[in-house]
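Below, chains carry the letters A, B, ... as their sequence lines are ordered, and counting in each starts from 1.
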Protein chains: 2
Amino acid sequence: MLSHELFHTLHQLSRHLTNKLNEALKPLGLYSAQWAVIFVLKKSGSLTQKELCDYLFVEAPPMTRTIQRLVKQGYVRQVPGKDKREKHVQLTEEALKQYPEWESVVNEVNQGLLKEFPTSSQEELSKLQKGWLQQLL
Amino acid sequence: MLSHELFHTLHQLSRHLTNKLNEALKPLGLYSAQWAVIFVLKKSGSLTQKELCDYLFVEAPPMTRTIQRLVKQGYVRQVPGKDKREKHVQLTEEALKQYPEWESVVNEVNQGLLKEFPTSSQEELSKLQKGWLQQLL
DNA sequence: TAAAGATAGTTACCTGGGTAACTATATCGG
DNA sequence: CCGATATAGTTACCCAGGTAACTATCTTTA
């Protein structure tokens with residue numbers, strides 16, 4: 001049974017990477033799920049919570065919670081849309097100001113985690129993962 | 001920045017696989033973390049909680065909780081060791097009786113998840129993951 | 001147009017995994 | 001031998017993400 005080992009390793013890798021990211025984000029007062037939202041908003045500008053959920057493949061309830069924490073910290077705004085059910089989420093000026101530092105911290109961690117993992121392997125791994133995931137959805 | 005995408009895909013894959021496993025385990029009254037413990041105990045016979053933690057790369061507190069749930073369901077026993085700090089964990093007869101059905105359910109899910117993912121890709125992915133993880137620890 | 005159904009978001013509650021602080025037992029050094 | 005230190009396990013509390021049930025707002029349709 002190869003599969004048990006494959007799943008187990010993947011699970012451990014995922015946990016390990018998340019732990020390292022959280023460790024690095026701690027001094028910034030952020031958590032991994034918050035960073036994921038900030039990262040997407042920085043790229044996309046303004047998205048409804050539904051769009052954020054679809055993009056990050058997360059259910060609505062955890063997204064609500066993550067956004068509420070970001071709102072409380074002053075990093076995100078919820079703007080009511082023309083469709084009154086929707087809430088358009090966007091970064092505040094405060095978040096935009098701090099973004100470069102956050103990004104550099106995250107990039108540094110990522111680089112450290114990939115330091116001794118050859119670029120060719122990274123690309124191969126990325127390709128395999130994307131292929132499998134896409135085939136599963 | 002390749003790394004963001006790599007980490008994101010890996011995280012999603014891990015979540016997706018865990019969700020599918022939990023879905024399949026639900027009718028059996030088990031959860032993924034419980035199954036992981038049962039799987040290891042079936043192979044190894046009797047382990048202390050520390051050994052289980054080391055094997056599964058999980059901290060002690062979540063392990064305590066998972067084991068307590070298994071004890072409550074009657075699938076696991078905690079036997080005091082010669083060293084009175086230790087608790088040796090082992091499967092009950094009830095668990096051993098049900099194990100074959102559990103295993104077949106899990107194998108079926110795993111097979112379904114890997115169905116259209118070529119064996120060669122599985123091996124390649126497994127190799128890359130193990131290499132990276134080992135290098136990180 | 002009024003009623004039925006679909007959709008966005010929230011709330012409550014569950015498991016999974018992490019840290020910090022604690023207890024109890026073992027071990028080691030003076 | 002006894003006090004200091006290390007280790008196994010537990011408890012309390014945090015975040016991440018899942019489902020079920022709910023509200024409020026569209027959108028269909030009879």
Open item on the list: Which label fits A:H8 and B:Y55: parallel for a plane angle under 30°, tilted from 30 to 60°, or perpendicular past 60°?
Closed with: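 Ring orientation, 0 to 90° scale: parallel.
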- [ ] Over 60° means perpendicular and under 30° means parallel, so classify the ring planes of B:H4 and A:F39, tilted if in between.
- [x]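 Rings of A:F39 and B:H4: tilted, 30 to 60°.
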Open item on the list: Let me spell it out: for each of A:Q34 and A:A60, pick the nucleotide of DNA chain D with the closest heavy atom. Which residue's pick is nearer the 5' end?
Closed with: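 Going by which nucleotide is closer to the 5' end, it is A:Q34.
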What is the distance from [atom1] of [X] to [atom2] of [N], rounded to the nearest Å?
X: A:K26; N: C:dT19; atom1: NZ; atom2: P; answer: 8 Å
X: A:I67; N: C:dG9; atom1: CD1; atom2: C1'; answer: 10 Å
X: A:Q78; N: D:dA24; atom1: CD; atom2: C1'; answer: 15 Å
X: A:R85; N: D:dT25; atom1: CZ; atom2: P; answer: 10 Å
X: B:E59; N: D:dA8; atom1: CD; atom2: P; answer: 13 Å
X: A:L21; N: D:dA16; atom1: CG; atom2: P; answer: 10 Å
X: A:K87; N: C:dA8; atom1: NZ; atom2: P; answer: 14 Å
X: A:R65; N: D:dG17; atom1: CZ; atom2: P; answer: 8 Å

TODO: With the side chain of B:P62 defined as its heavy atoms from C-beta on, choose the nearest nucleotide among D:dG18, C:dG17, D:dA8.
DONE: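 For B:P62, the side-chain atoms sit closest to C:dG17.
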Task: Out of D:dA8, D:dG17, D:dT25, whichever nucleotide has its closest atom nearest the side chain of A:D83 - done: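 Nearest nucleotide to the side chain: D:dT25.
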Open item on the list: If I take atom CG from residue B:L136 and atom NZ from residue A:K115, how far apart are they, to the nearest 0.5 angstrom?
Closed with: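 Answer for the CG-NZ pair, B:L136 versus A:K115, is 9.5 Å.
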Task: CA sep, side-chain torsions, deciding dist, call: B:Q73, B:E94, side chain to side chain donor-acceptor pair (under 3.5 Å) - done: CA-CA 10 Å; B:Q73 286 174 276; B:E94 177 65 18; over 6 Å; no
Task: First encountered from the 5' end of DNA chain C, between B:Y31 and A:M63 - done: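 Its nearest nucleotide lies further toward 5', so the answer is A:M63.
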Open item on the list: Between A:H88 and B:G81, which residue's closest nucleotide on DNA chain C lies nearer the 5′ terminus?
Closed with: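 Result: A:H88.
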Could you tell me whether the phosphate oxygens of [N], OP1 or OP2, come under 4.0 Å of any side-chain nitrogen or oxygen in [X]?
X: A:Q49; N: C:dT10; result: yes
X: B:Q12; N: D:dG17; result: no
X: A:T64; N: C:dG9; result: no
X: B:Q68; N: D:dT11; result: yes

Heavy atoms only, 4.0 Å cut-off, all strands: where does [X] land among base, sugar-phosphate and nothing?
X: B:H11; answer: sugar-phosphate
X: B:K82; answer: sugar-phosphate
X: B:A33; answer: sugar-phosphate
X: A:N19; answer: sugar-phosphate
X: B:E23; answer: nothing
X: B:R69; answer: sugar-phosphate
X: B:E51; answer: nothing
X: A:S32; answer: sugar-phosphate

Open item on the list: For a quick check under 3.5 Å, do A:Q78 and A:Q49 share a side-chain donor-acceptor pair by atom type?
Closed with: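 Short answer, yes.
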- [ ] State yes or no: are the ring centers of B:Y31 and B:W102 separated by less than 6.0 Å?
- [x]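 Judged by ring-centre distance (under 6.0 Å), B:Y31 and B:W102 do not meet the cut-off.
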Task: Proximity to DNA chain C (any heavy atom under 4.0 Å), residues of residues 129-137 of chain B only - done: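 Heavy-atom cutoff 4.0 Å gives no residues at all.
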Task: Result of checking B:Q129, B:Q135, B:Q134 against B:W132 for side chain to side chain contact (heavy atoms under 4.5 Å, CB included) - done: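 Going through the options one by one, the only one that passes is B:Q135.
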Open item on the list: Take a 6.0 Å sphere around CD of B:Q111 and say whether it holds more than 12 heavy atoms from other residues, nucleotides or ligands.
Closed with: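 No, CD of B:Q111 has 12 or fewer neighbouring heavy atoms, counting only those of other groups under 6.0 Å.
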TODO: State plainly whether one hydrophobic cluster holds both B:V71 and B:M63, where clusters connect Ile, Leu, Val, Met, Phe, Trp and Tyr through side-chain heavy atoms under 4.5 angstrom apart.
DONE: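 They do share one cluster, since a chain of ILVMFWY contacts under 4.5 Å joins B:V71 to B:M63.
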